[in-house]
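Presented below is the structure to which this report refers.
Below, chains carry the letters A, B, ... as their sequence lines are ordered, and counting in each starts from 1. These numbers come from the heavy atoms of this one structure, side chains and all, not from hydrogens, waters or symmetry mates.
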Amino acid sequence: MDFQVVVLAGGNSKNLTPLISKDVPKPLLSVANRPLLYYVLHQLRQSNLKDLIVVVEGEDAALHVGSWISKTFVDGLHVEIAAVPEDIGTAGALRAISHHLTAKDILVVSGDLVSDVPPGAVAATHRRHDAAVTAMLCSVPVSGSLESGSSGGKDKTKKPGRYNIIGLDPCKQFLLHIATGSEIEKDSRLQKHILHAVGQMEIRSDLMDAHMYAFKRTVLQEVLDQKDTFRSLKQDVVPYLVRSQLKSEALLNGISQAEENGNEKLSSPNNQVLDSKILANASTPSFHELYSMEMEPDDSAQTRKTHKCCAYIASSSSYCVRLNSIQAFMDINRDVTGDADHLLSDTSSDCDNIIGPSPKLGSKTTVGPHCMLGEGSEMGDKCQVKRSVIGRHCRIGSHVKIVNSVVMNHVTIGDGCIIQGSVVCSNVQLQERVVLKDCLVGAGFVVTMGEYKGESLARKEK
Amino acid sequence: MGAQKKGATARVSEDPEELARNPLQAILLADSFATTFRPITLERPKVLLPLVNIPMIDYTLAWLESAGVEEVFVFCCAHSKQVIDYLEGSQWSSQPNFSVATIESHNSISAGDALRLIYERNVIHGDFVLISGDTVSNMLLTQALQEHKERKKKDANAIMTMVVKQSKPSPITQQSRLGTDELFMAINPVTKQLLCYEDKAEYSKGFISLDKTLIADNPSIILHNDKQDCYIDICSQEVLSLFTDNFDYQHLRRHFVKGLLVDDIMGYKIFTHEIHSSYAARIDNFRSYDTISKDIIQRWTYPFVPDVLCGSTAIKVERQGTYRASDVTLSRSAQVGSFTFIGQGTKIGNDTKIFHSVVGKGCTIGSNVTIEGSYIWNNVNIEDGCQLRHAIVCDGVIMKSGAVLQPGVILSFKVVVGQQFVVPAYSKVSLLQQPTQQDSDEELEYADSTSGTGELHSEKLNGDIAPDLSETASELGTGGVGYIWSVFEGVQDEEWRHSVAPIPTDKLVKLMLDEDEEQLTQDGNVLSASGELKADSDDNGSEDENNEDSRDDYVFFEKEVEATFLRAVHENVKVDHAVLEVNALRLSYNMASVDCAGAIFYSMMKLAVESPHSSATELHKNAAEMITKWQKLLKSFLHDIDEEIEVILKFEEMCLESAKEFAALFPQVLHLLYDKEILQEDAILRWADEKEGADESDKVFLKRSEKFIQWLKEAEEEEDDD
């Protein structure tokens, strides 16, 4: 498949402090005892998309990620790691690696997507319509609390997945309108000429742009070149392409002439219609073609140039969440060990079962359902674990209660600790009788005895 | 009455079986409350105008009868006498199980008034069909009624069901084939609730805007541009009382429907029912008259087609959709083409060609006449050699030999067109003079219904109208009788939109080009709307436009401020008062205090330049005086550095444009402002910094004041050293 995949893995994220730090960049954040990036790469491998560029923000982070990938996905994936400066936005990141892009179509996936939607299906939809861009849309997660995790939100790319307002054509194949971010708060302004061409538009507010896009490479590069102010794919590039789909003349003129393989619309509109009819299995040409044909009553050379913006709508039963807030982190941990445990199947070498191979459990210690216990972890007597994830090589004392929490690797928990709704990062030491409720404990922190509620505990980073 | 009303409201809660026992009622508005069919409607009500030789109201009544309606209240206002007389003389007065009652009014000026009057009469006892007398349909009401009743049972607020039909407007004119403007409807796909109804979307060019609360409340909305409102409404009784409660509701759609959609306090809901295979359309203008006539001839409205409707007068349908009454006298050499209707007793001469047209009863058409796409009503006399294309010719018209009607001509009753006269395209000709009382739009909209005018004229018509006609004979050539109505300004360009004539190609081409251009400019708007950075190349066009707008505003504001300032100077107004006044201006023009500072400074400097001076030194002195005297006023708008910078920029601009004399004095005045503590050192330095990167041409004044800035910088450094 002539598809190149760009995984925008990110690096640092303010939303997720103190869970991530310099040593643990976002792609390597442990989600159900596996780095976040694993989920995307796994899905890509499943779809046989093997030509990957993983873009990481920051050189150090790139090194970390690179070494992890080379360790984990030794075979089967051809991965390049590219480091880009921080805070240049998703569009900026693509611009920075633009010269690496060679395939006809580019699939851009956000590295924080935890989903079981096959990327191959998105790619196939894209190909079938010969679209300029195809966006994957999924139902808004039921938890719906993504918004609550938003704080600051200066960096557009890291903004939690807000609800989008999305306009679709009657067959739900084409994307006619997309509003993200602050535009959602305003009254929607829909372009009449698109509405005129299509006749009716379905406006959905229950779909979310999952940040998985397939682009025609030429189009993408052209947009990135021409619009050097675009920072974000989601907020700038995709809405721009959607807006201009019926008058792409200005934009795509150059390409279609220059690169026949990219865009054949110019040369033979009739063949084009025929082609895409066959491709789309449709008996009637899409409104794009109708619109572009309608201009030439006297068969003048003046045909309208259009490009297609397609949508792939994931079925409502599929799982699709972006990890971009603490809340999402908790949700995903819970879901992956619970309802969406199929995401963990077909594991690779260093992965483990729900309960690792060699945990030592003390007497009368119970581990409830939807829990995960990493290999080499030890637990003392009379412990209780419910709906929680515990990492590898943790040493947990007696009379410890862990509920609705995430405990990462190499954590030491003293006797009589109670941990509820909290995240405890790697190498943390909890002294005896620590009570944590809705707390975040950053890596390497030492928690002294006492009760903590809703606090964020982390070492001060210099 | 009071008791009855109470009964009416109580009935709402009655069980459906009881409701079902009520005969199905309908309100038929036999008055369009519009002026689109003028001048014809000055003499005859619209519902009695022949549509393929049968009065429109007959189509409506026939459909109502077939749809199971048992009781129809015909509301007549303009020319009510004619309507009542017609109904009394027609078959409708003697139908079993179908009663037609008339309600007459002389002072209703809108559909709202009509419904209020009907409410007062208290004749409607349940759900009813609201329709106007110019609607042609063959849809089955059962399903829509059923849906309406079920919804009503579940939700008492679901008070109306509108019938809509698929109809995609032309992509070029944005007009449906019925000649109505494009309509945007937002409908919830599941419940079919109507959420938004926008038929006058012109003002928001390029965009249609949807309220955010709608989107928040409905996870899925379908925005339709491809539906047509059939103007057939199934209403609950509440609709009538709503009209009474909201006495300002006039127009059914513009006020009532939109009013309900906007008003979320009462929570009334409107739903839609889409028909697919059946026909429903309303004759709203001449274009829809043309379209619907063709649809009838092509039998889309079956069984409501001429040969079925008037079974008595044998009308034969021949091949290619030609309808011919039995006693037509047709010359052998005459050609009657496809989709043409020829009425009873009509005589057609040699070599005459008629295509796609309707010719009424008792017409006499001479030889060598060409009639194409035209509607010729009864007893029309067309002499030899006339040519008619896409025209409407009313009863009793005489066209003298060789007369020509260009496309879109309307000849009202008894007009006489002189020999060889060419009636220009889109002319409306009537024996009656054009009414002149077209003050406002509102009046124009409803003027037709002020029954006074209509009837007054018709009386006059019956009397001796001939004398004053003779003088205008020249308007229609020798022997012609009638006035050619002038088209109002602004409407002229739009005339072709609603005419019987098809849209000329040149208009289409022009529109198409316009549209493309519009889109190009739109593009810019779109981009900037989404919060994209402004540096975009595409943007520039529209960006400038926006600036232009605000600049205009600013110019006015500046003028006002200047006037205020001058008054303050001449009348020695206290500074405090002047500040107040400028502040008031600022609020009313929605300006920031930056703008105030700029404007005041501008006025001050302008005054300094305008006051007499012979040399630069004197000018400097003037300026110094001015600044000293009014520094307090200026300072009250200088709250931070940005505003001070604005003053400098303004001054720079003045030096370049309006007051070049200051150019030489720039550094001095700058220094003066600094001395008077109007400008802080920071502001000047920042201005200098900003200008550092500018074009050479922009730096003229920076260079001139280099010394001063240098001095400032040094002073600052010294301070730092301390």
If you round to the nearest 0.5 Å, how far is CG of B/Asn188 from CD1 of A/Ile203? 11.5 Å
Sort by residue number and list every member of residues 273-282 of chain B having a non-hydrogen atom under 4.5 Å from chain A. none
When rounded to the nearest 0.5 angstrom, what is the spacing between OG in B/Ser220 and CD1 in A/Ile166? 11.5 Å
Considering non-hydrogen atoms only, spot the tightest contact between B/Asn218 and A/Ser205 and give its length. O-OG, 3.4 Å
Point-to-point distance, once rounded to the nearest 0.5 Å, from CD1 of B/Ile221 to CZ of A/Arg204: 11.5 Å
Do A/Gln200 and B/Lys227 make a side-chain contact, defined as non-hydrogen atoms from C-beta onward lying under 4.5 Å apart? yes
With a 4.5 Å limit on heavy-atom distance, are the side chains of A/Leu195 and B/Leu223 in contact? yes
Please identify each residue that fulfils salt bridge (Lys or Arg N to Asp or Glu O under 4.0 Å) with B/Lys165, with sequence neighbours left out. none
